Number of protein chains: 2
Amino acid sequence: MTMSNTGGRRKPPTIHDVAREAGVSRGTVSRVLNGGHYVSPTAQEAVNAAIRKTGYVVNRHARSLITGRSDSIGFLLTEPQEKLFEDPNFNVLLRCCTQALASHDIPLLLMLAGTEDERRRITRYITAGHVDGVLVVSSHSADPVAEELRQAGVPLVQCGKPMGRGSKVSYVAADDRDGARDMVRHLLSLGRRRIGVVTGPLDSPGGVDRLAGYKEVLTEAGVEIDERLIVSGDYSRASGEAGAERLLAQAPDMDAVFVASDLMAQGALTALRRAGRRVPEDVALGGFDDSTAATESTPALTTIRQPYDRISNEMVRVLLAQIGGEDPAAVILPTELVRRESA
Amino acid sequence: MTMSNTGGRRKPPTIHDVAREAGVSRGTVSRVLNGGHYVSPTAQEAVNAAIRKTGYVVNRHARSLITGRSDSIGFLLTEPQEKLFEDPNFNVLLRCCTQALASHDIPLLLMLAGTEDERRRITRYITAGHVDGVLVVSSHSADPVAEELRQAGVPLVQCGKPMGRGSKVSYVAADDRDGARDMVRHLLSLGRRRIGVVTGPLDSPGGVDRLAGYKEVLTEAGVEIDERLIVSGDYSRASGEAGAERLLAQAPDMDAVFVASDLMAQGALTALRRAGRRVPEDVALGGFDDSTAATESTPALTTIRQPYDRISNEMVRVLLAQIGGEDPAAVILPTELVRRESA
DNA sequence: TTCTCTACTGTGAACGCTCACAGAAGCATG
DNA sequence: CATGCTTCTGTGAGCGTTCACAGTAGAGAA
């Protein structure tokens, strides 16, 4: 359609070529490129035609050199390497964020900070201004990298509530407490009363809030909180399996269990099956996340849906706003109960 | 340690500041930055000290503007969005490539080309020279995007053998044929003779080669090839389940099955279990990839290990060489049989 | 007319770096 | 002493863009 660069690599057209072609000045072309304010319709038209004809694409390096912006943003994952991709939530988040950024024509730089060395390298890279901002994802929200970046004045937004309540850092999170409440209410509505819970890590707000929701609903319903029905995990499949095992040992009469992530719920399913408990007949099982793990299991998991697409969009929106000079913001998004087979 | 950018964002030091600090010229600093040839030890030392003292980090945009290189490379995934992350192999590959690049201090730009729109946008972005080269990953190797980029003269390396035998495109792949041979030989050594196979997509060399290995070994062993023991899938879990079902219907006496990917093998496991076949007692099951799916299943999968870490390193090495002007290259890496529980 | 205001356009001057080139210094060779 | 060679260093130009500024033209008001 346009003059694409077939064959060898020739010198690409510059803004100057476009200007000459359109019979205007560089400045006018630049203005068209950047929103088109204060440009006559005639010039606008001529420039666009010239751009199409020459196949011009802006040289981002030249632009960045002068604007000081890189027009790219980083996606930072701070997890030990083994766990890095076990959790399907990371994948979904990565995919959604990439797409959300793509719609703004902003490339995403993937940054994996598993080891101490990598963290140093990446911190240096980011503080050097090679990206305009950072999307931070990590399951344990007390992240020193994020804090360091924040102090260096780098715009960033975290996925999930951060630990320190005082720190003014942007974040986007699902409503953990409310989601947990919905799930436990659902289990109660099924007639279950001996409801166990495998929590997330309790050094993270997400883990704490989901446990809080659990306790609240039980208390409101007049069901006594039994500490033997509460164990904690770290969102890994293995910890879900171990957690369910411990619960079965401590409270053999358990008739339902709320597991704070689908991946852990998968593990719990294994443990329950091994113990000869039928799901959902003997023990109703509720997960959290609605990740791919939920539909892959048999039985498919009843779970709380985290709106990852909306979370990603909001993260990008908040980050872009912050890069544009706005203040840090917190966004909490509603969850939704998804009924499948396990409860 | 050094003067890090604490607090607000001040103007970062330039090469000029370093030169002044070190008492040398810009040129000398630049030479130190780029390998340090033709620089006296004294100057070398002074410059390094000045860099440490000022906290200088090169401005990549200014450098790129003049060199024409972006010093970044793209990771292109051309798959429909749903499948994008279902396959754990993609995750591993992405992780390994990111790390391989990180060791060269090269950032990775993630590019997801699921829809036609995205493909156009990304092709445009790449041909505009915003990345120096591209790592291409896709399960169906007949990829129009890759071909288009290749014709535009963009350095790229594919993961897996490409379809057209004539096209001079770099690639790195595991030895599919040999891996399949190892697995089938192993199944034979277990005393199995009615060995089924669920192949990968037969419009891709990987799928074809694994099937070829299967047939070769059986023929060499004097076992007759039975077409009822051969069905094909598309590497998805669902297709593995359907494939195993079909095999059981067509050849109920099947005593082993070689499934061309671990994800499909997971599906096959479900089908076998549903049909009441014990694995490995009644039917021995062999997978391919040694992805996370292999250890997550019960029983854990005996499989053929694809050396993803080496594949990634080679992809990066070949790509960098090609960017440096060398000719396209093909690398085939050996696989390894990993015995677990399923066979 | 003259002035002001708005809408638009063109022109240097950067941005921070690398590269080519010229030149200096040191040393051996003719 | 001149010449060449090698090793090292500094300087000016320029990469392609944006930005600030100056300037023009036309419309409307005084």
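Only a predicted model underlies this, so the values are computations on that prediction, with no experimental measurement involved. A, B, ... follow the sequence lines: proteins, then strands. Residue 1 opens every chain.
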Below 4.0 angstrom from OP1 or OP2 of [N], is there any side-chain N or O of [X]?
X        : N       : value
Ser30(A) : dT18(D) : yes
Thr67(A) : dC19(D) : no
Tyr56(A) : dT17(D) : yes

Candidate nucleotides [options], ranked by approach to the side chain of [X] - the nearest:
X        : options                   : result
Ser40(B) : dG10(C), dT9(D), dT18(C)  : dT9(D)
Ser25(A) : dC19(D), dT11(C), dT18(C) : dT11(C)
Leu33(B) : dT18(C), dA7(C), dG10(D)  : dT18(C)

Length of the [atom1]-[atom2] vector between [X] and [N], whole Å:
X        : N       : atom1 : atom2 : result
Arg69(B) : dC17(C) : CZ    : C1'   : 12 Å
Glu45(B) : dC8(D)  : CD    : P     : 15 Å
His16(A) : dG16(D) : NE2   : P     : 11 Å
Asp71(B) : dG16(C) : CG    : C1'   : 15 Å
Arg31(B) : dC21(C) : CZ    : P     : 14 Å
Asn34(A) : dC8(C)  : CG    : P     : 17 Å
Arg63(A) : dC19(D) : CZ    : C1'   : 13 Å
His61(A) : dT18(C) : NE2   : P     : 13 Å

Is any side-chain heavy atom of [X] less than 4.5 Å from a side-chain heavy atom of [Y]?
X         : Y         : answer
Leu319(A) : Leu135(A) : yes
Ile106(B) : Leu320(B) : yes
Lys168(A) : Pro162(A) : no
Ile51(A)  : Leu33(A)  : yes

Please determine whether the number of non-hydrogen atoms from other residues, nucleotides or ligands lying under 6.0 Å from atom NE2 of His16(B) exceeds 12.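 No, NE2 of His16(B) has 12 or fewer neighbouring heavy atoms, counting only those of other groups under 6.0 Å.
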From CG (Asp132(B)) to CD1 (Ile323(B)), nearest 0.5 Å: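 Separation between the atoms: 5.0 Å.
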So which protein nitrogen or oxygen atoms get under 3.5 Å of nucleotides 13-15 of chain D's nitrogens or oxygens?
from	atom 1	to	atom 2	distance (Å)
dA13(D)	N6	Arg26(B)	NH2	3.0

Between the base of dG16(C) and the side chain of Arg60(B), is there a donor and acceptor pair under 3.5 angstrom?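 Answer is no: no donor-acceptor pair is held.
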Determine which pairs satisfy ring pair (Phe, Tyr, Trp, His ring centres under 6.0 Å) with at least one residue from residues 105-128 of chain A, sequence neighbours left out, and list them in order.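 Sorted pair list: Tyr125(A)-His130(A).
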